[in-house]
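Just below is one structure, and these are the notes that go with it.
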Amino acid sequence: MRVANLSGRAVIVADDRALDVHTASAGRFGPEPGRLYADWPAFSEWAGSVAAATEGVTFDRRDLEAPSPAPTQVFAIGLNYRDHAAETGLAAPEAPPTFTKFASCLTGPETDLPLPTDTVDWEVELVVVIGREATGVSAGSAWSHVAGLTVGQDYSERTSQMAGPAPQFSLAKSFPGFGATGPWLVTPEEFADRDDLAIECAIDGATVQSGRTAQMIFPVPELVAYLSSVCTLRPGDLIFTGTPAGVGVGRDPRRFLVPGNVVTSRIEGIGTLVQQCVVGRT
Ligand code: ZN
């Protein structure tokens, strides 16, 4: 099942058609996408009975917004692919390095990306959406707490990220539009192998990142277990799971986004994000 946020309303997407959840459920679920996650098991059961492909309506992809637009927590993991750790000159971690992206940076799949400086970088990432509260869960039961997967971009302003005696990641990764997500949430049973998905990013059509999520040092179940050993994960919360090699700061010479660039981010079995880079604050 694919669940999207179409102009602020929860929809089920099938064959490029969207079925409004609130209308189809006679007001039981929705209309806001965030409300689905609070009642995810009941929603999933109901959604299995609807025929979105035949009853839905066509829509414009530019009207899609973030699948989980107002999570209570957004976790992001650094250095979760060995080849990316190597390109940044850092050792592979022994525990998941964790920061946040503040929720105000979250946007949908097809957006303009204002560049606040000339050192903005790209990081395509698999994003986990939590569907059932998780406190101290084991890796073995972690997937049962996941509502679904979506594509994310962890856009990063490298100058402020590395400034100061102790680099901080959270603000530098939370400028407006720096948390593009979508185009929709795909439920875990839709994938032939939910732990091994092709993941790639292209700029102006030329591939800059290409990997597989099976290369993660800490796979999704281990991340859910690790994070839930500290924090209670709540329905709708997001986990940005880290990026494979090929970011701009790891290149020689370094490369960053400029106005006019088009960033395309794709994960197998989910879909595509498209950001058009534009002049931002100066
Ligand atoms: Zn990242």
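The figures that follow rest on heavy atoms only: side chains count, while hydrogens, waters and symmetry mates do not. Just follow the structure's listing: the first ligand is 1, and inside any ligand the first atom is 1. Because the structure is predicted, anything quoted here is derived from the model rather than measured.
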For the Zn ion (ligand 1), find the closest N/O/S atom on [X] and give its atom name.
X	result
Glu125	OE2
Glu123	OE1
Asp154	OD2

| said: What I want to find out is whether Arg266 reaches Glu200 closely enough, with some N-O distance under 4.0 Å, to be called a salt bridge. | reply: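 Yes, Arg266 and Glu200 are salt-bridged.
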| request: Flag yes if Phe59 and Val21 sit in one hydrophobic cluster, no otherwise; membership is Ile, Leu, Val, Met, Phe, Trp, Tyr, and two members link when side-chain heavy atoms are under 4.5 Å apart. | output: no
| request: Evaluate ring-ring contact (aromatic ring centres under 6.0 Å, His included) for Trp46 paired with Phe29, printing each intermediate quantity in order. | output: CA-CA 9 Å; Trp46 169 81; Phe29 302 107; 5.6 Å; yes
| query | Are Lys101 and Phe178 in a cation-pi contact, defined as NZ or CZ under 6.0 Å from the six-membered ring centre and within 45° of the axis? | reply |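 The answer is no, since Lys101 fails at least one limit relative to Phe178.
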